[in-house]
Amino acid sequence: MESGMISVDKWSSGSQAYFLTHLHADHTVGLSSKWRRGLLYCSRITAKLFSCKFPGFDLSFLRVLDIGRWYSLSLTTPSSGSSTDIYVKAIDAQHCPGSVMYLFRGKFGCKLYTGDFRWEKSGNRVENARSMLLDAIKNEKLDVLYLDNTYCNPTYIFPSREAAAKQIVDIITSHPNHDIIIGIDSLGKEDLLLYISRTLNIKIWVWPERLQIMHLLGFHENFTTKTSLTRVRAVPRYSFSIETLEGLNMLQPTIGIMPSGLPWVSPKKKECSNDISGSAITNHNEYIFVVPYSDHSCFSEIQEFIELIRPINIRGIVSSSSCHIDPCYYLDHLCGTKQACWRIQRQHEIEEVTNSVEADEKQESESECIVSSTGVGRKRRLDQVDFFGIPVSRVSLLRRLSRGVKIANTEYISL
DNA sequence: GCGATCAGCT
DNA sequence: CACAGCTGATCGC
């Protein structure tokens, strides 16, 4: 892309259009209720939750992108000042409520920004997302994949969230006379709590702000703020400690369950693990159970994702001090023009398309896998896409009506 | 006093 | 060490 006009999960500099993948705090640094910089595109669920996170935010800056639909933005090319169309589609990222990845197409080619995502092997949602993704890129190379590389290392092995949820229910049912507290964040893990609630036919206590989120998400029956109605409580993760559990146990037998995104099998400690599936429940002390429930993809899921879409380049969007070797190192062999063409060819065979295809080889030179630099800071950092641009002259939204290349006009979308 | 940023903690 | 996110200190306005 020519030096761009779009920012994804980056809010500090001037762009013509801003895209938000999801509402977790590390993706909204720089975003505030006083936002005035430009239009902000997000999913419908994210828009619904927006005022909880940013009270007083001027909602006229929000634009909803429905999942699976092509939209067109007419932006200005900074260098020439001429108008150029950019097409974008949001696809379910299965990370937390409202989370999406963004697929961009334009003169710059085809680029996918995953945001944080989980790509489990099976399930309705992943199958839906898979067909959406393949349908969107089937006839083109994917030039750049901006990848959630949080666990992009073969040592990161953990079970599906469904399997982890079953482990958690087993822990609860094996402690029939205990109170249960589960550590969660302000957004995410709703599917886990719903699974517990439905399987055990009990309500789950949440704090008042969290109940509001649950209601906005449409979950009215399974949650309560009345302590007396249930022995299972979901509490803010930062309030969850050994001291808390010890204090609670002076009043009532209580266990804590931490559905944790921590790297249970870290590279340095792998030799200490005797559980090859990565599904072990860690019993930190007599009160606390840590269960490997992750909203990020494990390594094999990342690998499967890359083999599915066969990008020419990969850039990690997460860098951290622990990555002495960039994790994308492990996936280098899955990148490149030949692989991209192979995907296109396979897709055509599958669909029995008779038309011949001339693969675009203009970007042949970019055959090596480009990866993000490893950070030196202590904190996890996002290497966001930041295409510096000039103020927007005109941003119109059009909807793609046909499955072909033609893009047709449609209505403006406003909240 | 407010917002942005960062260190520290879990 | 690492996640994601809160708290509190500090800095600039």
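Below, read A as the first sequence line, B as the second, and so on, with proteins coming before strands; counting in each chain starts at 1. It should be emphasised that the depicted structure is a prediction, and the values quoted were computed from it without experimental measurement.
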Q: Could you go through nucleotides 2-4 of chain B and list every protein N or O atom that sits under 3.5 Å from one of its N or O atoms, giving the distance for each pair?
A:
from, atom 1, to, atom 2, distance (Å)
dG3(B), OP1, Lys34(A), NZ, 3.1

Q: Between dC9(B) atom C1' and Ile242(A) atom CD1, what is the distance in whole Å?
A: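 Those two atoms, CD1 and C1', are 13 Å apart.
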Q: For the pair made of CZ in Phe240(A) and C1' in dC3(C), what is the distance, rounded to whole Å?
A: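 The distance from CZ of Phe240(A) to C1' of dC3(C) comes to 15 Å, rounded to the nearest Å.
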Q: Under the 6.0 Å and 45° cation-pi test, does Arg233(A) pair with Trp207(A)?
A: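 Because its charged atom misses either the 6.0 Å distance or the 45° angle limit, Arg233(A) does not stack over Trp207(A).
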Q: Under 4.0 Å between any heavy atoms, over every strand shown, what does Ser239(A) touch: base, sugar-phosphate, or nothing? Just pick one.
A: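 Touches nothing.
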Q: Answer with yes or no whether the side chains of Thr254(A) and Asn249(A) bring together a donor and an acceptor at under 3.5 Å.
A: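 Checked: Asn249(A)/Thr254(A) side chains show no N/O donor-acceptor pair below 3.5 Å.
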Q: Whole angstroms only, please: what is the CD1-P distance between Ile184(A) and dG5(C)?
A: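 So the two atoms are 11 Å apart, to the nearest Å.
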Q: In whole Å, I'd like the distance from the CZ atom of Arg161(A) to the P atom of dC3(C).
A: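 The answer, rounded to whole Å, is 18 Å.
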Q: Which nucleotide, dT10(B), dC3(C), dC6(C), lies nearest any side-chain atom of Thr150(A)?
A: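 Of all the options, the side chain of Thr150(A) is nearest to dC3(C).
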Q: Atom CZ of Arg237(A) to atom P of dC9(B): distance rounded to whole Å?
A: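 It works out to 16 Å between those atoms.
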Q: Atom CD1 of Ile182(A) to atom C1' of dT10(B): distance rounded to whole Å?
A: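 Roughly 18 Å, once rounded to whole Å.
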Q: Under the 3.5 angstrom rule, does the side chain of Thr114(A) hit a backbone N or O of Asp116(A) as a donor-acceptor pair?
A: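 No; zero donor-acceptor contacts below 3.5 Å.
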Q: What is the distance, to the nearest angstrom, from the CG atom on Asp26(A) to the P atom on dC6(B)?
A: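 Between P of dC6(B) and CG of Asp26(A): 15 Å.
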Q: What nucleotide among dC6(C), dT10(B), dG5(C) has an atom nearest to a side-chain atom of Asp185(A)?
A: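 The closest nucleotide is dG5(C).
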Q: Just by modelled atom types, is the Leu65(A) backbone N or O under 3.5 Å from a matching donor or acceptor in the Arg44(A) side chain?
A: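 Here the side-chain-to-backbone pair does not exist.
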Q: Just by modelled atom types, is the Glu140(A) backbone N or O under 3.5 Å from a matching donor or acceptor in the Arg105(A) side chain?
A: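 Such a contact is absent between Arg105(A) side chain and Glu140(A) backbone.
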Q: Taking NZ from Lys53(A) and P from dG5(C), how many angstroms apart are they, rounded to a whole number?
A: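 Computing the Lys53(A):NZ to dG5(C):P distance gives 6 Å.
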Q: Determine whether a donor-acceptor pair (N or O, by modelled atom type, separation under 3.5 Å) exists between the side chain of Ser43(A) and the backbone of Gly98(A).
A: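 Indeed, once roles are kept as given, a pair shorter than 3.5 Å links the two residues.
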Q: Evaluate the side-chain proximity of Thr21(A) to Tyr102(A): yes if any heavy-atom separation is below 4.5 Å, no if none is.
A: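 Side-chain contact under 4.5 Å: yes.
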